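These numbers come from a predicted model, not from an experiment.
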Amino acid sequence: MSRAKQTHELKTWSKYYDAVLFGDKTFEVRKHDRDFQIGDFLLLLKWDKEKNIYAGNFTSFIITYILKGGQFGIEKDYCVLGIKPILVDIRK
């Protein structure tokens, strides 16, 4: 029996958040300390590391691919997540 899809809330430094938001960056490199699974959701929260506060922005993605560490120069405890934006139709 497979587990239910999870939502992972992740702080994302401002410059990387913006690159993801504008479609220039379609992946996340993360410590593999969570049970990331294909089909899970990422809620990326924009983080201002200089001020050490949330910038108030967030956006959602779905994990489409997981490249586990220990290969291709990726440290063992890390992973590369392929992500795709979740499009929400807000029209009523």
Next item on the list: Find out whether Phe27 and Leu67 are in side-chain contact, i.e. whether some heavy atom of one side chain is under 4.5 Å from a heavy atom of the other.
Entry: no

Item checked: pair His8-Gln6: side-chain heavy atoms closer than 4.5 Å -> yes

Checklist line | Residue pair Phe36, Ile66: steps toward the side-chain contact (heavy atoms from CB on, under 4.5 Å) verdict | finding: CA-CA 8 Å; Phe36 293 119; Ile66 301 173; 4.2 Å; yes

Margin query: Can you tell me how far apart CZ (Arg30) and CD1 (Ile63) are? Round to the nearest 0.5 Å.
Written below: 10.5 Å

Check: Would you say Ser14's side chain and Trp47's backbone share a donor-acceptor pair under 3.5 angstrom?
Finding: yes

Next item on the list: Could you tell me whether the side chain of Glu9 reaches within less than 4.5 Å of the side chain of Leu45, counting heavy atoms only?
Entry: yes

Only distances under 3.5 Å count here; give the side-chain donor-acceptor pairs of residues 73-85 to other protein atoms, sequence neighbours excluded, each with its distance to 0.1 Å.
none

Notebook entry, point to check: Could you give all pairs that pass the side chain to side chain donor-acceptor pair (under 3.5 Å) test and reach residues 16-27, with sequence neighbours left out?
Noted result: Asp18-Lys46, Lys25-Glu28

Next item on the list: Go through the structure and list residues passing side chain to side chain contact (heavy atoms under 4.5 Å, CB included) with Phe41, not counting sequence neighbours.
Entry: Lys5, Thr7, Ile62, Ile86

Next item on the list: Please lay out, stage by stage, how Leu10 and Leu42 fare under the test side-chain contact (heavy atoms from CB on, under 4.5 Å).
Entry: CA-CA 7 Å; Leu10 303 172; Leu42 296 183; 3.7 Å; yes

Checklist line | Summary of salt bridge (charged side-chain N to carboxylate O under 4.0 Å, His left out) pairs that have at least one residue in residues 35-45, sequence neighbours excluded | finding: Arg3-Asp35, Arg3-Asp40

Note to self: Show me the pairs that pass side chain to side chain donor-acceptor pair (under 3.5 Å) and involve residues 61-74, at least two apart or across chains.
What the structure shows: none

Notebook entry, point to check: What's in the same ILVMFWY side-chain cluster as Ile53, cut-off under 4.5 Å, chained through other members?
Noted result: none

Notebook entry, point to check: How would you list, by chain and number, every residue that makes a ring-ring contact (aromatic ring centres under 6.0 Å, His included) with Phe58, sequence neighbours excluded?
Noted result: none

